[in-house]
Amino acid sequence: MKSSINRRTLALIQSAQDLLPEDEFLRLMEYVEFNEHGLALEHLCDILFELGLPCPSEMLGQIKQVGLARNMEPSIWAKLEAGRDR
């Protein structure tokens with residue numbers, strides 16, 4: 001089960017590559033390399049929010065699904081939902 005969630009997290013981060021500055025994408029991949037998938041997902045949300053980058057609806061849905069599967073706090077991605085109204 002956990003490996004499936006890790007694969008989904010990795011796929012989500014890879015799908016965001018074109019949205020992110022290269023150094024931030026590489027940092028996320030480093031977190032994944034060190035098996036810090038939850039930290040990578042949280043940092044992805046932070047980057048998207050702090051840099052005001054667009055988060056497509058499909059990606060936001062995937063972030064929610066993976067976050068819930070990881071038992072993460074919804075506040076981690078809630079700022080992305082709120083940011084859509086900015």
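The basis for the numbers below is simple: all heavy atoms, side chains too, and nothing from hydrogens, waters or symmetry mates. Residues take their numbers from the sequence shown, with the count starting at 1.
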Item to complete: Give, for atom CD of Q62 and atom OG1 of T9, the distance between the pair rounded to the nearest 0.5 Å.
Response: 10.5 Å
Fill in: Residues E30, R27: salt bridge by 4.0 Å N-O rule
no
Worksheet entry | Heavy-atom check, side chain of L80 versus side chain of M59, under 4.5 Å | no
Practice prompt. Decide side-chain contact (heavy atoms from CB on, under 4.5 Å) for W77 and V66; before the verdict, give the C-alpha distance in whole Å, the side-chain angles of both, and the deciding distance to 0.1 Å.
Written response: CA-CA 11 Å; W77 57 84; V66 172; over 6 Å; no
Worksheet item: Hey, mind stepping through L20 and L44 against side-chain contact (heavy atoms from CB on, under 4.5 Å) and telling me if it holds?
Response: CA-CA 9 Å; L20 304 173; L44 172 62; 3.9 Å; yes
Fill in: Min side-chain heavy-atom separation M29-Q14 under 4.5 Å
yes
Worksheet item: Roughly how far apart are E81 CD and S57 OG, rounded to 0.5 Å?
Response: 10.0 Å
Worksheet item: Do H37 and L41 come within less than 4.5 Å of each other through their side chains, counting heavy atoms only?
Response: no
Practice prompt. Report the C-alpha separation of N6 and R70 in whole Å, then their side-chain angles, then the decisive distance to 0.1 Å, and conclude whether the side-chain contact (heavy atoms from CB on, under 4.5 Å) test is met.
Written response: CA-CA 9 Å; N6 288 348; R70 293 193 156 284; 2.4 Å; yes
Response to the item:
CD1 of I5 to CG of L10, rounded to nearest 0.5 Å, is 14.0 Å
Fill in: Close side-chain approach of L48 to C45, heavy-atom, < 4.5 Å
no
Worksheet item: Does any non-hydrogen side-chain atom of Q17 lie less than 4.5 Å from one of L26?
Response: no
Fill in: Atom pair CD/CD of E24 and E50 - distance to nearest 0.5 Å
8.5 Å
Response to the item:
In terms of heavy-atom contacts, L19 and P56 come closest through CD1-CD, 4.0 Å
